[in-house]
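Since the structure comes first, as structure tokens, the remarks are kept for the end.
Remember, predicted model here, so these are calculated numbers, not experimental data. Naming: A, B, ... by sequence-line order, numbering from 1 per chain. The analysis underlying the following values was restricted to heavy atoms, covering all of them including side chains, and did not include hydrogens, waters or symmetry mates.
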Number of protein chains: 2
Amino acid sequence: MNIGEAATASGVSAKMIRYYESIGLIQPPSRTESGYRVYAGEDIHSLRFVKRARALGFSIEETRELLALWRDKSRASADVKAFALKHIGELETKIAELQGMARTLRHLAHNCHGDDRPDCPILEDLADPAGVKCH
Amino acid sequence: MNIGEAATASGVSAKMIRYYESIGLIQPPSRTESGYRVYAGEDIHSLRFVKRARALGFSIEETRELLALWRDKSRASADVKAFALKHIGELETKIAELQGMARTLRHLAHNCHGDDRPDCPILEDLADPAGVKCH
DNA sequence: ATGGGGCTTCCCATCATGGGAAGGTCAAGG
DNA sequence: CCTTGACCTTCCCATGATGGGAAGCCCCAT
């Protein structure tokens, strides 16, 4: 299995497969005599694992830890769960941040009449968030 | 006003002030004979505008457009509002993505007993999201 | 006049990904 | 058998926003 086929089969681009190999996230596959990478079923499995972890928002370093837990057949499920819960907490923090931004902007946009006139509370807020009038 | 004082006054680090200047986001300030940057009230105002826009999640390029709208006294508030609404939409998209991740992870974590045993639905999902059992 | 803190520029690192060049390889069809 | 086009290899560069740090100059207070 070539890198292109592995990319199609795993959903990870060939570029990223090489990158993951270069940083030691995945094992270097075997090579043909001419140097082409050759992937087996197990490699594709790992690549899909990585793909899925990334899709769930884990960083590459976190994915590395998850891979280690996955390969460690004697891990405690409590460790995995704690890892997941920590990540959920980080996701929730980020969500709250974005919601704060969206809420503020919605409020400003709501107060902006949105017509041909130049007066705009959105720009006014950006220029002076505290609403300190400069007389 | 030195760059350090401008940083304190605006909440933008000296490093970033120089960077914003280098990419043409803010006007180069005047300099002392010895080359020190000297900031005036108007500069601080712009820096705070940038800071606020960034805090609301606008990219630097978007901030550049907002600055242009701000300086253009004849802009239509409709343009600003459309800009804000577009950004709100992007924020909401990102929020929905993160919520999807968090929801999935919460579901998986909920089904993980989290004890000393190695069995873990979280890792099982990462390894095989579709739940295709490999016999 | 000296010491310490602030300023200058310049380069490097991050994180994850993609683009592209230069060159080697493989398979299919003439 | 040779050509052609699609694939592979490595290597370098770019992104976006920010920080770290080095080398060297400057300014002010003691």
Side-chain angles (χ1 to χ4, degrees), chain A residues 1-26 28-40 43-44 46-67 87 90-91 94 97-98 101, chain B residues 1-26 28-40 43-44 46-67 87 90-91 94 97-98 101:
Chain A
M1 211 177 193
N2 273 344
I3 197 171
E5 296 168 290
T8 306
S10 66
V12 180
S13 73
K15 209 83 182 178
M16 289 313 296
I17 295 177
R18 290 191 202 99
Y19 173 66
Y20 290 159
E21 180 189 332
S22 80
I23 62 172
L25 185 67
I26 58 172
S30 52
R31 302 263 187 154
T32 64
E33 284 181 11
S34 55
Y36 280 27
R37 288 172 179 82
V38 177
Y39 295 90
D43 300 316
I44 306 304
S46 294
L47 283 171
R48 284 218 224 106
F49 185 103
V50 171
K51 166 100 178 167
R52 177 76 174 148
R54 300 280 306 115
L56 288 174
F58 290 100
S59 72
I60 286 195
E61 285 315 305
E62 286 166 337
T63 301
R64 194 191 297 275
E65 295 185 54
L66 285 170
L67 277 167
H87 185 58
E90 290 163 2
L91 287 173
K94 215 171 286 176
E97 274 177 33
L98 296 179
M101 296 176 189
Chain B
M1 212 177 192
N2 273 344
I3 196 171
E5 297 168 289
T8 306
S10 65
V12 180
S13 73
K15 209 83 182 176
M16 289 313 297
I17 296 178
R18 289 193 201 97
Y19 174 65
Y20 291 158
E21 179 188 333
S22 81
I23 61 172
L25 185 66
I26 58 172
S30 51
R31 302 262 188 155
T32 64
E33 283 182 11
S34 56
Y36 279 29
R37 288 172 179 81
V38 178
Y39 294 90
D43 301 315
I44 307 303
S46 294
L47 283 170
R48 286 219 222 104
F49 185 102
V50 171
K51 166 102 178 163
R52 177 76 175 149
R54 301 281 304 117
L56 287 175
F58 290 99
S59 72
I60 287 193
E61 285 316 304
E62 287 166 337
T63 302
R64 194 191 297 274
E65 296 186 54
L66 286 170
L67 276 168
H87 185 57
E90 289 163 2
L91 287 173
K94 216 172 282 178
E97 273 177 32
L98 295 178
M101 296 176 189

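With the end axes of the helix from C:dA1-D:dT30 to C:dG30-D:dC1 each set by five pairs, the angle from one to the other reads 30° at 10° resolution.
The side-chain hydrogen bond (donor to acceptor under 3.5 Å, both in side chains) pairs that include a residue from residues 47-58 of chain A are A:Arg52-B:Asp125, where partners are two or more places apart or lie in different chains. Pairs engaging residues 4-19 of chain A under the salt bridge (Lys or Arg N to Asp or Glu O under 4.0 Å) rule: none recorded [sequence neighbours left out]. Sequence neighbours left out, the pairs with a member in residues 29-38 of chain A that pass side-chain hydrogen bond (donor to acceptor under 3.5 Å, both in side chains) are A:Glu21-A:Arg37, A:Thr32-A:Ser34.
C:dG18 atom P lies 11 Å from atom CZ of A:Arg54, rounded to whole Å. Between B:Glu61 atom CD and D:dA14 atom C1' the separation is 15 Å, expressed in whole Å. Going from atom CZ of A:Arg31 over to atom P of C:dC26 covers 13 Å, rounded to whole Å. Whole-Å rounding puts the B:Leu47 CG to D:dA17 C1' distance at 16 Å. Atom-to-atom, CD1 of B:Ile23 to P of D:dA14 comes out at 16 Å; the value is rounded to the nearest Å. Rounded to whole angstrom, the span from the OH atom of B:Tyr39 across to the C1' atom of C:dG6 amounts to 14 Å. Following rounding to the nearest Å, B:Met1 (CE) and C:dC7 (P) show an atom-to-atom distance of 11 Å.
Contact check, A:Arg64 against C:dC15: no side-chain N or O comes under 4.0 Å of OP1 or OP2. Between A:Arg37 and C:dT25 there is no side-chain N or O to OP1 or OP2 distance below 4.0 Å.
With sequence neighbours left out, the side-chain contact (heavy atoms from CB on, under 4.5 Å) criterion links A:Ala9 to A:Met1, A:Ile44. With sequence neighbours excluded, the residues satisfying salt bridge (charged side-chain N to carboxylate O under 4.0 Å, His left out) with A:Glu90 are A:Lys86. In terms of the side-chain contact (heavy atoms from CB on, under 4.5 Å) criterion, residue partners of A:Met16 (sequence neighbours excluded) are, by chain and number, A:Val12, A:Ser13, A:Tyr19, A:Tyr20.
Less than 4.0 Å separates DNA chain D from at least one heavy atom of each of the following residues of residues 12-21 of chain B: B:Ser13, B:Lys15, B:Met16, B:Tyr19, B:Tyr20.
Here the NE2 atom belonging to A:His87 is positioned 7.0 Å from the CE atom belonging to B:Met101, to the nearest 0.5 angstrom. The OG atom of B:Ser46 sits 11.5 Å away from the CD1 atom of B:Ile17 when rounded to the nearest 0.5 Å. Going from atom CD1 of A:Ile3 over to atom OG1 of A:Thr8 covers 11.0 Å, rounded to the nearest 0.5 Å.
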Discussion item. Does the protein touch nucleotides 24-30 of chain D at the base, only the backbone, or not at all? Give it as B, S and - per nucleotide, heavy atoms under 4.0 Å.
Written reply: --BS---
Side chains of residues 59-67 of chain A: which donor-acceptor pairs under 3.5 Å do they make with residues two or more places apart or in other chains?
from    : atom 1 : to      : atom 2 : distance (Å)
A:Ser59 : OG     : A:Glu61 : N      : 3.4
A:Ser59 : OG     : A:Glu62 : N      : 3.1
A:Ser59 : OG     : A:Glu62 : OE1    : 3.4
A:Glu61 : OE1    : A:Arg64 : NE     : 3.0
A:Glu61 : OE2    : A:Arg64 : NH2    : 3.2
A:Glu62 : OE1    : A:Ser59 : N      : 2.7
A:Thr63 : OG1    : A:Ser59 : O      : 2.7
A:Arg64 : NH1    : A:Ile23 : O      : 3.3
A:Arg64 : NH1    : A:Gly24 : O      : 3.3
A:Arg64 : NH2    : A:Ile23 : O      : 3.2

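Within the 4.5 Å cutoff, the side chain of A:Leu47 has heavy atoms near those of the A:Ile26 side chain.
Closest approach to the B:Asn2 side chain among C:dC7, D:dT9, D:dA17 is made by C:dC7 (side chain taken as heavy atoms from C-beta onward).
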